[in-house]
Amino acid sequence: MEKKLEKAAQLLKQSSLSVALTGAGMSAESGIPTFRGKEGLWKNFSAQELANPQAFAKDPQLVWQWYNWRKDIILQKQPNAGHYALAQMQEFLPLHLVTQNVDNLHRVAGSQSMVEIHGNIFKTRCLGCGKIDELRQTNDDAPLCRQCNTGQLRPDIVWFGESLAHKDLQQVSAWLSRCEVILVIGTSGQVYPAAGFAAQIASQGGSVIEINPQPATQANITFANASGEVLPLLLQKIKEL
Ligand code: OAD
């Protein structure tokens, strides 16, 4: 572990631009169930079955119930040591964050340069007027837009079968094109485009560092441990160099 921490810290310190890609495992130690883990199912539905436009068109209340369930969990949770360590690393390093997580915890932990490529669970989009708004309450399974009063609201989340927001894709592509080291944290690597980022960096000659108790990526350095354990140690090593 010590040798790997030193090597990873060196790579990150020498890199002129790095990217951290995070997934649900990043928030596991905060108590938020991952999607493909044991507790990831809600009423026996998988994320794929609910997080798609067809499911919402067919039964918007069911999809909202699922999101309200997730929101209720998230509202009671706090960032963990991994979130805080990553936010601190961004103060020392040219390290940008690309997260698939919609739970807002990176922002609460203080991460600055960040793109939430799958959106944010506390945001809604009106299917009538298009307004993006914030909705923290969780007691309404059929919320209507407060701007136009008639439009149906949907979670402002990128669902299966939908494209990432254009400006997010542009920002992420710009970072990836110059990225020398990618830190892949807590993702099962099953959902594109994020699942392809590590291979892209490797093909550009960059380095891949993975942190995941069940590694899922071809990496130069693999920490098969929890991110809340490894990231504070990595931060410490970076500070020491
Ligand atoms: P998954 O649930 O597919 O994968 C979570 C990963 O985190 C697994 O590889 C675990 O081994 C790992 N893990 C668990 N505990 C960990 C810990 N303490 N530290 C580090 N890693 C840990 O979640 P994602 O890969 O994020 O999309 O899923 C990708 C997308 O699929 C999500 O953004 C979501 C989902 O459907 C949408 O909802 C649009």
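When a ligand or atom number is given, it counts from 1 through the structure's own listing order.
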Quick one, Ile209 with Asn220, criterion side chain to side chain contact (heavy atoms under 4.5 Å, CB included). Give me CA distance, side-chain angles, the key distance, then yes/no. CA-CA 6 Å; Ile209 302 168; Asn220 302 86; 6.0 Å; no
Looking only at heavy atoms, the pair that brings Ala20 and Ile185 closest together is CB-CD1, 4.5 Å
Looking only at protein heavy atoms, what sits closest to atom 33 (O) of ligand 1 is His118 ND1, 2.8 Å
*Non-hydrogen atoms of Ala216 versus ligand 1: any pair closer than 4.0 Å?*
no
Is Asp133 paired with Arg146 through a side-chain N to carboxylate O contact shorter than 4.0 Å?
-> yes
Item to complete: For Thr138 and Asp72, test the side chains for any donor-to-acceptor distance below 3.5 angstrom and give the result as yes or no.
Response: yes
State whether a side-chain donor-acceptor pair under 3.5 Å links Gln204 with Gln200. yes
| query | Does an N or O from Gly186, backbone or side chain, lie closer than 3.5 Å to an N or O of ligand 1? | reply | yes
At under 4.0 Å between heavy atoms, what of Ser227 touches ligand 1? The answer is both
Phe35, any N or O under 3.5 Å of ligand 1 N or O = yes
field: Geometric cation-pi criterion Lys4 and Phe223, 6.0 Å radius, 45° cone
entry: yes
Quick look: Val191 vs ligand 1, heavy-atom contacts under 4.0 Å, and the answer is side chain
Heavy-atom proximity to atom 11 (O) of ligand 1, picking from Asn52, Leu231, Thr217, Asn212, points to Asn212
Using only atom types and a distance under 3.5 Å, with no angle test, would you say the side chain of Asn52 pairs donor to acceptor with the backbone of Gln48?
yes
Counting from 1 in the order shown, the ligand 1 atoms closer than 4.0 Å to a non-hydrogen atom of Ala226 are 17 (C), 18 (N), 19 (N)
Logged contact type for Val102 with ligand 1, heavy-atom cut-off 4.0 Å, is neither
Among non-hydrogen protein atoms, atom 3 (O) of ligand 1 lies closest to Ser188 OG, 2.5 Å
If you measure from each heavy atom of Gln190 to ligand 1, is any distance below 4.0 Å?
no
Residues Gly228 and Glu29: closest non-hydrogen pair is N-OE1, 2.9 Å
Answer yes or no for Arg154 and Trp64: cation-pi contact, defined as NZ/CZ to six-membered ring centre under 6.0 Å and angle to ring axis within 45°. no
Q.
I'd like to know if Arg125 and Asp156 make a salt bridge, using a cut-off of under 4.0 Å between side-chain N and carboxylate O.
A. yes
Item checked: Heavy atoms of other groups near Gln214 CD, more than 12 under 6.0 Å -> no
Counting from 1 in the order shown, the ligand 1 atoms closer than 4.0 Å to a non-hydrogen atom of Phe160 are 36 (O)
Logged contact type for Glu29 with ligand 1, heavy-atom cut-off 4.0 Å, is side chain
_Any N or O of Asn101 closer than 3.5 Å to N or O of ligand 1_ = no
for atom 14 (C) of ligand 1, nearest protein heavy atom and its distance come out as Gly25 CA, 3.9 Å
Contact region, Ala47 to ligand 1, non-hydrogen atoms below 4.0 Å, reads side chain
So the atoms of ligand 1 within less than 4.0 Å of a heavy atom of Val158 turn out to be 39 (C)
In this structure, atom 28 (O) of ligand 1 is nearest to the protein heavy atom Arg36 NH1, 3.1 Å
Salt bridge Glu6-Lys3, side-chain N to carboxylate O under 4.0 Å: no
Here the atoms of ligand 1 under 4.0 Å from any heavy atom belonging to Ala24 are 23 (O), 24 (P), 26 (O)
Output for pair (Leu97 CG, Leu86 CG), nearest 0.5 Å, gives 5.5 Å
Checking heavy atoms under 4.0 Å, the part of Gln100 that sits near ligand 1 is both
**Request:** Report the relative orientation of the aromatic rings in Trp175 and His96; use parallel for angles under 30°, tilted for 30 to 60°, perpendicular for over 60°.
**Result:** parallel
If we number the atoms of ligand 1 from 1 as shown, the ones under 4.0 Å from a heavy atom of Ala28 are 15 (N)
Within 4.0 Å of some non-hydrogen atom of Gly23, the atoms of ligand 1 are 26 (O)
For Thr187, the atoms of ligand 1 under 4.0 Å from one of its heavy atoms are 6 (C), 9 (O), 24 (P), 25 (O)
